[in-house]
**Student:** 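Pasting a structure below so you can have a look.
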Amino acid sequence: MKGRIFSGVQPTGNLHLGNYLGAIKNWADLQKDFECIYCVVDLHAVTVQRTPEELKSDTFEVVAGLIASGIDPEKSILFNQSQVTHHSELAWIFNCTAKLGWLNRMTQFKEKAGKNRENASVGLYVYPTLMAADILAYKATHVPVGEDQKQHLELTRDIALAFNSSYELDFFPLPEPQIFGSASRVMSLRNGLSKMSKSDVSEYSRINLKDTATEIGLKLKKAKSDSNPIPFSKEELKDRPEASNLIGIYAALSKKSEKEVLNEFGGKGFGVFKPALADLAVSVLEPINTELVKLLDDKSYLKMILNNGSEKAKDISSKVLSDVYKIMGFIR
Ligand code: TYM
């Protein structure tokens, strides 16, 4: 094994193509070479208000989506964050390690809190210290994520370093971000300058893993593009965000490089490219959708996976937390 992976996804709404291509597809591939721990971060999801029904159904949907996308609960530890209380305990310690100035720099907080910052929850502000605790409670060495999580991972490394140097120990590893390829930042289908996200009000901005073949086809048909033909080189895509996004999606779905995709479609218009992209997207996503819907029919199976995964996770995190408390001088 090349190291220990930890990564997480929030149960807030449907998983979309950005989550799949930027993170989850890679998580599945990494299972053969790494010891993998994958977490549905339900505590992170309540930094904004959720009803109990939403939290429950989104948690089931995300677990089903992960398994349908190839996360094997026999090979990897798959669980939900709130069942392993060590995450919250270590987050408190890290709240006492991280500096206000470090958190003030986090762009995700600024984006999510928006203009009404005074009304944002304290949880949203300290979200990154809980994320650092998720990773470091397992002394994970690698963290596969989309581009948008890069800053949070830098903070995680700063927290690990600060803890190590406070106690003059080499206790926490400095986890490496793993950010892969042409789909590490999938953009909205309606606006090539904003990220594909669960919170976008327009359903046409994203493809969900729960979408049917017809919905995928329609969304890609309506996807914003431009009237120029597809170019032959990546340089010519520079000022064409929508075109660049669609080419990146095609490359990631087909496991080809962007260069290869441009060689295949260079000179053709979007009238030719979009139906080809829709066929490709359906061929990759339809089997996932079928499996996801089937799994959602058996909630007790999904619950059992989360309960078993949580027990396995605790076996690792309890040892790390016990060492942390001892290092800090707490009487145990
Ligand atoms: P979340 O739930 O927003 O997203 C889950 C994963 O999907 C990636 N992603 C994207 N990748 C490419 N293009 C997009 N448009 C796109 N949108 C989302 C994210 O980068 C992420 O990898 N804070 C994290 C969850 C988390 C976590 C952790 C991750 C909590 N603790 C510990 C890693 C390690 C988040 O909100 O992801």
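When a ligand or atom number is given, it counts from 1 through the structure's own listing order.
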**Student:** So which protein residues pack against ligand 1 under 4.0 Å, heavy atoms counted?
**Tutor:** Phe6, Ser7, Gly8, Val9, Gln10, His16, Gly18, Asn19, Gly22, Ala23, Val41, His44, Tyr127, Met131, Asp134, Ile135, Val143, Val145, Gly146, Asp148, Gln149, Ala183, Ser184, Arg185, Val186, Lys195, Met196, Lys198

**Student:** Tell me, do Leu193 and Glu242 make a side-chain contact under 4.5 Å, heavy atoms counted?
**Tutor:** no

**Student:** Under the salt bridge (charged side-chain N to carboxylate O under 4.0 Å, His left out) criterion, do Arg50 and Asp58 qualify, and how do the steps go?
**Tutor:** CA-CA 10 Å; Arg50 326 267 304 139; Asp58 286 351; 2.3 Å; yes

**Student:** Would you name the heavy atoms of Phe34 and Gly3 that are closest together and state the gap between them?
**Tutor:** CD2-O, 3.5 Å

**Student:** Does the separation of the ring centres of Phe172 and Phe94 fall below 6.0 angstrom?
**Tutor:** yes

**Student:** Should Gln83 and Asn80 be marked as a side chain to side chain donor-acceptor pair (under 3.5 Å) after you check the CA-CA gap, both sets of side-chain angles, and the distance that decides it?
**Tutor:** CA-CA 6 Å; Gln83 290 207 68; Asn80 57 322; 2.9 Å; yes

**Student:** How close do Ile24 and Ile71 get, heavy atom to heavy atom, and via which atoms?
**Tutor:** O-CD1, 4.3 Å

